[in-house]
Amino acid sequence: MRLRLILAITSVLFIGLSEASQRINLLDPKLSQFENVYSYGQAKFVNGELHLISPKNWFFTTKQRYDNFILSADIKMPQVKEYNNSGIIFRGQIEQDADGQRVVGYQAEIDPSERRWSGGLFDQGRRKWLYPLHPKRSNRDDDFIKSYLPPWSAQQGSVYKPGEWNNLRIVCDGPSIKIYLNGVLTTYVEDTKDKRGVIGLQHHGSKLYKESGHSENVVRFKNIFIEKLN
């Protein structure tokens, strides 16, 4: 009986360690998990945080490509007068265009505007808004299977906390895509466009930074963890 108890405890501990080891911290002082595939944009590691600034729309991407995973990150937007926006591309595809390289693909949105669509799903560089539906900027195609949630509500729009740290959690498992903002399920769709790709952290661009080289429009990320799913 005692031997069985010891084996049972050992098994539980082993399973716990195995599960913990699957959760990977993507953030380190050298930013070794990331690369800049664009010709612009700046990323810095500051006191355990990732700080992003760019003159125009930009994504700081992982070197590795991921298929099925749980990704979690905390994001804090600056309180500035000029327009700002952020989010996380996932299963992103790196493409060549006239200006060099760019990233397209699924994007979990952080949208501090009056529209309040933080936690929605955008298809960057392609179909645009997948959920919620935009009256002019939604181009769902045959790869979009279905949405499990009703039309966007005021309750979903109120989940984002202006001026505070907000947590985004993205769960990709086959065609199933779920986005949680601060623990609330804000998007749940099935889509087959991309099965695998990079993770990209966004700075939407700062006109002030472009013109003067100085700006307080810095987007901050911390606690960036990914767990691979089988």
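Note that these values count all heavy atoms, side chains included, but never hydrogens, waters or copies made by symmetry. Note that the structure is a prediction, hence the values are computed from the model and not measured.
- Between K228 and Q22 there is no side-chain heavy-atom pair separated by less than 4.5 Å.
- Between the CZ atom of F225 and the CD1 atom of I24 there is a distance of 11.0 Å, given to the nearest 0.5 Å.
- Counting only N and O atoms by type, the side chains of N57 and Q202 include a donor and acceptor under 3.5 Å apart.
- Contact check for M77 versus V219: side-chain heavy atoms found under the 4.5 Å cut-off.
- Between Y38 and W58, the ring-plane angle classifies as perpendicular under the 30° and 60° cut-offs.
- Taking hydrophobic clusters as Ile, Leu, Val, Met, Phe, Trp and Tyr residues chained together by side-chain heavy-atom distances below 4.5 Å, I88 shares a cluster with W129.
- A salt bridge links D194 with R126: the closest approach of a Lys/Arg side-chain nitrogen to an acidic carboxylate oxygen falls below 4.0 angstrom.
- The aromatic ring centroids of W117 and Y160 lie 6.0 Å or more from each other.
- A salt bridge links D141 with K193: at least one charged nitrogen is closer than 4.0 Å to a carboxylate oxygen.
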Under 3.5 Å, which donor-acceptor pairs do the side chains of residues 173-184 form with other protein atoms, sequence neighbours left out?
{"residue": "N182", "atom": "OD1", "partner": "N167", "partner atom": "N", "Å": "2.8"}
{"residue": "N182", "atom": "ND2", "partner": "V159", "partner atom": "O", "Å": "3.1"}
{"residue": "N182", "atom": "ND2", "partner": "N166", "partner atom": "OD1", "Å": "2.9"}

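- Residues F45 and V218 do not share a hydrophobic cluster, defined by chaining ILVMFWY side chains whose heavy atoms lie under 4.5 Å apart.
- Atom CZ of F90 and atom CG of L71 lie 9.0 Å apart (nearest 0.5 Å).
- Note on L121 and Y148: same hydrophobic cluster, where clusters join Ile, Leu, Val, Met, Phe, Trp and Tyr whose side-chain heavy atoms are under 4.5 Å apart, directly or indirectly.
- In summary, the side chains of Q156 and S153 do present a donor paired with an acceptor at a separation below 3.5 Å, with no hydrogens or angles considered.
- The shortest side-chain heavy-atom distance between L201 and I224 falls under the 4.5 Å cut-off.
- With rounding to the nearest 0.5 Å, the separation of SG in C172 from CG in L229 is 9.0 Å.
- Between Y66 and F69, the angle of the ring planes goes over 60°, which puts this pair in the perpendicular group of the 30/60° scheme.
- Between H214 and L208 the shortest side-chain heavy-atom distance does not fall below 4.5 Å.
- Using a 4.5 Å heavy-atom cutoff, the side chains of L31 and F60 are in contact.
- Salt bridge K56/D99: absent, no basic N to carboxylate O contact under 4.0 Å.
- In this structure, D111 and N85 have side chains that are in contact, with non-hydrogen atoms separated by less than 4.5 Å.
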